[in-house]
Number of protein chains: 2
Amino acid sequence: MDAADQILPDAPRGAAPLTVEEFRDRLAEITDDLPRRLRQCADFIAANTDRIAVSTVAELAAGAEVPPSALMRFCQILGFSGFSEMQKLFREAYAPGFPDYSTRLKNLKNGGAGSPSALLGEFIEAGRLSLEALAKSADEAALAHAVQVLSGAATVHVVGLRRAFPVATYLAYVFEKMSVPAMLHDGVGKLDHRFALRPGDAVLAITFAPYSEETIALAQDAHDRGLPVVALTDRLTSPLARTADAILTVPEVDFGAFRSLSATIAMAIALAVAVGSARD
Amino acid sequence: MDAADQILPDAPRGAAPLTVEEFRDRLAEITDDLPRRLRQCADFIAANTDRIAVSTVAELAAGAEVPPSALMRFCQILGFSGFSEMQKLFREAYAPGFPDYSTRLKNLKNGGAGSPSALLGEFIEAGRLSLEALAKSADEAALAHAVQVLSGAATVHVVGLRRAFPVATYLAYVFEKMSVPAMLHDGVGKLDHRFALRPGDAVLAITFAPYSEETIALAQDAHDRGLPVVALTDRLTSPLARTADAILTVPEVDFGAFRSLSATIAMAIALAVAVGSARD
DNA sequence: CGAAAAATGGAATAAATATTCCAAAACGCG
DNA sequence: CGCGTTTTGGAATATTTATTCCATTTTTCG
């Protein structure tokens, strides 16, 4: 036949991934049936996707322990015209958005620290960063487990003091609206209401460094009595980790001395609403 | 004299910054006394530091609106041998957060309608949208005015109930930390503590539709007695508008029945911190 | 105003980097 | 085992990108 029939079998032209996500899908899709050297490329690229934007063909090839030409072929198999086109995707996808945080903080201290609008801008930014970090780091399995634990409880005891108190009150509000039996431990009058914990109940404890004595004590107490404890805290190394059956961490960005709470509240509402729905 | 005396005055060799921190310091240090074109380079680089790792000389030069040679000179003034050496610093420090935020968010949301992760994704998005809307719509004059009113108060009375209560408690916390005399009106025991309003005090009232009777009543009472009222609410047509001396509105995006509160809290902290600073 | 110094822009060159090509090796299959 | 096919490595080439150099312009200062 004529030239038109000489179709290249495994290099579909015009099928180059347009987003990082498409790229990953395509990579996963082809990795399995690839000859040895190209497989090495695929594995290395999958493990080092983030370095594509800032590396040369030679560097990546060396990392994957293949000659540069193998890496070129690999790019073409993915649908790109060559390495440069592939790199372009990652260079453009890298949308910074955040000129790093510590620098801005310094600028603010030096500059017009007094201006309320500047402060507002910083707190907005801290909130945004917190939410983005939460999106990236959220542990879906831990969340699902926490929902399961709380859904089975007769009454949910919510405890969080000082800076965590706003979160606790909001949780109490949402639980009430969703008809979930819940009790807010607010420490009013130094009454600890510890006797209120009944078999079948569960505790939702919220605390961040520096951790509140009272919150940890209540969680410990519940744990000792065999009640399940869900912790909403800042680190896996939090003192709640020992007593908790499910632990949810939220990466919260502080600005100055104050926590934005955005991420914590997002997590709290999601948890409460999920529990509310699960109980129906 | 001989060749050794021909020292280049403003290109200190071997003084290249070794970290991003050092780079920024050096940049800030020299920016002020730089001729026009080099100043343009400095300004553009300062604002786009994060793009250095993934750009070419030509791209950056175009961005700064200078010829490539000007940018080369700029690199050398900073102490680098050339652009490549400078870029190397940023390529090594380069650590993008993969998987990127929007991809990850999509994944969370696709976790099955009603699943906890999907809910979390929605609340994160609602929070982020709220913050962005606030960044765009914030009324600087109103904020500055509110700060001024509260700074002059002997005691700040914070009132906010139901869904606004978390914000009120957080404000009380921040005021306490900043040594601003403040009183939280929490409605415990249906005691309204109205008598606590003294001449020279001010009220900070927080409420959203559907507005709380008690909050509006307290604001009205204060207004009738000639005390200044600052309102943190959702619309300019809020019932607080009549009684308030300063009115701050926050555009909050709901998901389902629940408010994300991110924007409200950002505004609240900014207000509280600004007031705290102003009183010193 | 005029001379000296500094700064600038662009063209020329050097270096790095990507890409192609093809001969050699490995593989699959009758 | 031997023939056709696929895969591989590296050398050759093309392209992009960085860097230097110098004639021209602008600024500085006596």
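Chain letters run A, B, ... following the sequence lines, proteins first, then strands; residues in each count from 1. All values reported here derive from a predicted model rather than from experimental measurement.
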Between the protein and nucleotides 18-20 of chain C, which nitrogen or oxygen pairs come in under 3.5 angstrom?
from: C/dA18; atom 1: OP1; to: A/Val57; atom 2: N; distance (Å): 3.3
from: C/dA18; atom 1: OP2; to: A/Val57; atom 2: N; distance (Å): 2.6
from: C/dA18; atom 1: O3'; to: A/Ser84; atom 2: OG; distance (Å): 2.9
from: C/dT19; atom 1: OP1; to: A/Ser84; atom 2: OG; distance (Å): 3.3
from: C/dT19; atom 1: OP2; to: A/Phe83; atom 2: N; distance (Å): 2.5
from: C/dT19; atom 1: OP2; to: A/Ser84; atom 2: N; distance (Å): 3.2
from: C/dT20; atom 1: OP2; to: A/Gln76; atom 2: NE2; distance (Å): 2.9

Evaluate the side chain to side chain contact (heavy atoms under 4.5 Å, CB included) criterion for residues B/Met267 and B/Leu143: first the C-alpha distance (whole Å), next the side-chain angles of each, then the deciding distance (0.1 Å), finally the verdict. CA-CA 9 Å; B/Met267 178 64 96; B/Leu143 179 55; 4.1 Å; yes
Compare all side-chain heavy atoms of A/Ile265 with those of B/Ile265 and state whether any distance is below 4.5 angstrom. yes
What residues, two or more places apart in sequence or in another chain, satisfy salt bridge (charged side-chain N to carboxylate O under 4.0 Å, His left out) together with B/Glu59? none
For atom CG of A/Asp33 and atom P of D/dT7, their distance in whole Å: 11 Å
Roughly how far, to the nearest 0.5 Å, is CG of A/Leu71 from CZ of A/Arg73? 10.0 Å
Give every pair of a protein N or O atom and an N or O atom of nucleotides 23-29 of chain C that lie under 3.5 Å apart, one pair per line with the distance.
none

Provide, to the nearest angstrom, the distance between the CG atom belonging to B/Leu60 and the C1' atom belonging to D/dT17. 12 Å
Rounded to the nearest Å, what distance is computed from the CD1 atom of residue B/Ile30 to the P atom of nucleotide C/dA7? 12 Å
Under the salt bridge (charged side-chain N to carboxylate O under 4.0 Å, His left out) test, residues paired with B/Arg259 that sit two or more places apart: B/Asp254
Take the protein atom CD of B/Gln40 and the nucleotide atom C1' of C/dA7, then report the distance between them rounded to whole Å. 13 Å
Sequence neighbours excluded, which residues qualify as side-chain contact (heavy atoms from CB on, under 4.5 Å) partners of A/Ala42? A/Leu27, A/Thr31, A/Leu34, A/Phe74
Could I get the full list of ring-ring contact (aromatic ring centres under 6.0 Å, His included) partners for A/Phe44, not counting sequence neighbours? none
Could you state the CG-P distance from B/Leu34 to C/dA6, rounded to the nearest angstrom? 15 Å
What is the ring orientation for A/Phe90 with A/Phe23, classed by angle as parallel under 30°, tilted 30 to 60°, or perpendicular over 60°? perpendicular
Whole-Å distance separating the CG atom of B/Leu71 from the C1' atom of D/dT17: 13 Å
Give, for atom CD of A/Gln76 and atom CE of A/Met86, the distance between the pair rounded to the nearest 0.5 Å. 11.0 Å
Taking atom C1' of D/dT27 as reference, at what distance in whole Å does atom CZ of B/Arg37 sit? 14 Å
For B/Ile77 and C/dT8, what is the distance between atoms CD1 and C1' respectively, to the nearest whole Å? 12 Å
